[in-house]
Amino acid sequence: ATEASGRKWEQKQVQIKTLEGEFSVTMWASDDKK
Amino acid sequence: AKSKSVIPVEGFDWGRYICSNNLVGAPVSCFKHVPMGTCWGDLAEGVRVEVLNSDTSLSTKVYWIAGVVKLAGFKALLRYEGFDNDTSRDFWCNLCIPEVHPVGWCASSGRPLVPPKSIQHKYSNWKAFLVKRLTGAKTLPPDFASKVHENLQFPFKKLMRVEVVDKTHLCRTRVALVEQVIGGRLKLVYEESMDGSDDFWCHMYSPLIHFIGWSRSIGHRFKRSDVSKKIDGQMDAPPQLFAKVKDVDQSGEWYKDGMKLEAIDPLNLSAICVATVRKVLADGYLMIGIDGSEAADGSDWFCYHSTSPSIFPAGFCEINNIELTPPRGYTKLPFKWFDYLREMASIAAPVKLFNKEVPNHGFRQGMKLEAVDLMEPRLVCVATVTRVVHRLLRIHFDGWEDEYDQWVDCESPDLYPVGWCQLTGYLLQPPAQAVSKT
């Protein structure tokens with residue numbers, strides 16, 4: 001996804017670790033190469 | 001020129017100031033010269049981060065996920081996940097401090113996320129809650145912290161030599177040595193004043209500093225030092241470290257001595273004055289004098305580049321409803337350019353020679369920021385944008401009378417986002433209070 005500013009956001013699998021265990025969620029993180 | 005005195009900073013809290021007055025901080029992306037200014041991107045409300053959990057009885061450092069509720073410059077009002085609409089535990093945090101991480105950082109460094117004690121039992125299944133809350137949400141890029149670190153490195157180093165405007169004779173430059181660098185701001189000590197008392201603060205991209213040899217190269221007045229030998233460790237700052245100016249073509253129609261214009265008075269930045277081109281230098285530089293207040297020897301002429309956003313064609317103030325300061329002693333008021341030019345047998349500098357570029361800067365009236373008091377340039381103060389005229393901003397220093405206001409360009413390296421002082425370790429001057437002013 002590209003926003004008005006031209007910065008690209010990429011979908012990323014993000015790992016979460018809680019006391020109950022580990023799992024992953026899909027989040028957006030901005031493209032650092034801009 | 002009016003200047004302020006240093007006020008102790010204790011007790012000022014940007015977060016409380018912003019929240020209690022429902023204020024808006026200018027976004028970091030308005031300030032291209034600051035760390036992260038060009039890579040702040042679309043960091044906005046809703047972005048999730050991993051931060052220290054301060055609501056825990058555990059003795060070790062633990063983290064939890066928080067969302068950005070409000071942004072003001074580098075500072076964000078954060079709310080821990082699970083608090084929903086409960087604002088009671090909201091807290092302000094500078095997003096560039098090392099304790100703020102992208103979501104995923106804890107897992108990658110083997111630390112479990114621990115919910116705040118006060119909502120620990122609110123959900124029986126935190127995993128399901130987090131999956132629902134975080135899926136599709138935004139977080140920081142993985143290299144955010146390293147980018148912040150990289151952006152906080154500055155090329156100017158202690159003992160580098162530069163040419164800088166002589167603060168007691170604006171018409172000339174002197175050699176000065178970099179004594180300190182904070183957040184890209186340089187404390188310069190004039191050569192031949194090595195007790196350190198004669199100093200000048202400016203940003204490394206300031207138009208007031210130049211490489212050694214610049215004055216000679218353009219024909220600018222220069223105060224020669226009698227220092228015969230450089231101290232060990234001193235070096236001339238490399239020319240590529242300085243702000244570049246646009247190349248201009250002086251071969252065609254160009255500024256001429258005696259042409260009239262309007263200019264921000266370098267000795268009273270609250271005023272835009274009637275001014276005259278006094279000398280045309282090389283590489284597009286001009287010596288400008290403020291009409292009616294010039295010293296006979298020209299010692300208060302000031303050097304502006306022809307592309308400077310601080311000089312304007314005759315009539316600019318009238319068109320933009322800005323008060324133009326007439327020449328001191330000029331009695332035929334209200335001031336009329338047409339009459340004045342005729343009386344002075346002078347002509348106005350052609351409009352086409354001025355910089356008319358207006359960047360999409362993003363500043364709006366009412367935005368809060370940290371701004372240098374250019375009359376006392378070591379001071380960075382809590383300030384407000386009170387007017388936006390194309391690229392020109394009127395900066396008001398909170399708590400001070402309007403007569404201290406300054407006209408500043410939107411790309412000035414002397415403007416910083418909320419939280420810049422905290423990030424760089426610079427002392428912030430809080431809003432003046434009636435008692436401290438006296």
Side-chain angles (χ1 to χ4, degrees), chain A, chain B residues 27 29 36 38-44 46-50 53 56 58 62-65 67 81-82 101-115 120 123-148 150 360 362:
Chain A
T2 306
E3 296 205 346
S5 64
R7 171 165 283 253
K8 237 171 84 185
W9 288 83
E10 288 175 340
Q11 273 197 322
K12 295 205 168 175
Q13 283 294 311
V14 175
Q15 206 64 16
I16 307 284
K17 181 178 178 172
T18 65
L19 293 171
E20 290 81 38
E22 221 167 308
F23 55 94
S24 67
V25 291
T26 308
M27 295 188 76
W28 294 93
S30 62
D31 171 18
D32 359 298
K33 289 180 279 296
K34 188 198 160 186
Chain B
S29 50
M36 306 303 286
T38 54
C39 49
W40 192 252
D42 300 299
L43 281 186
V47 165
R48 308 301 209 287
V49 292
E50 291 180 350
N53 175 359
T56 176
L58 298 170
V62 291
Y63 293 79
W64 187 239
I65 294 167
E81 280 301 339
H101 303 280
V103 175
W105 177 83
C106 279
S108 66
S109 56
R111 299 160 193 265
L113 290 162
V114 179
Q120 202 174 344
Y123 297 97
S124 54
N125 188 345
W126 279 106
K127 177 185 168 182
F129 172 79
L130 289 176
V131 168
K132 197 173 163 198
R133 290 285 299 169
L134 300 180
T135 300
K138 289 175 178 173
T139 189
L140 302 177
D143 66 343
F144 189 77
S146 63
K147 261 213 169 106
V148 171
E150 203 178 287
N360 183 18

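Convention: sequence-line order gives letters A, B, ...; per-chain numbering from 1.
The local environment of CG in N360(B) is sparse, with at most 12 non-hydrogen atoms from other residues, nucleotides or ligands closer than 6.0 Å.
Residue contact with chain A, scored on non-hydrogen atoms closer than 4.5 Å, involves the backbone of L140(B) exclusively. Looking at Q15(A), both its backbone and its side chain come within 4.5 Å of chain B, counting heavy atoms on both sides.
Scanning all heavy atoms of the two residues, the minimum distance from P141(B) to A29(A) falls at CA-CB, 4.3 Å. Minimum interatomic distance between E22(A) and A107(B) (heavy atoms only, all atoms of both residues): OE2-CB, 4.2 Å. Nearest heavy atom pair, residue L134(B) against residue M27(A), reads O-CG, 3.4 Å. When all heavy atoms of T139(B) and W9(A) are compared, the pair lying nearest together is O-CZ3, 3.7 Å.
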*asked:* Could you walk me through whether L113(B) and I16(A) satisfy the side chain to side chain contact (heavy atoms under 4.5 Å, CB included) test, starting with their C-alpha distance in whole Å, then the side-chain angles of each, then the deciding distance to 0.1 Å, before giving a yes or no?
replied: CA-CA 8 Å; L113(B) 290 162; I16(A) 307 284; 3.6 Å; yes

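The candidate with the highest count of non-hydrogen atom pairs below 4.5 Å against chain B, out of E20(A), K17(A), Q11(A), is K17(A).
For R133(B), the side-chain contact (heavy atoms from CB on, under 4.5 Å) partners are R48(B), E81(B), F129(B), not counting sequence neighbours.
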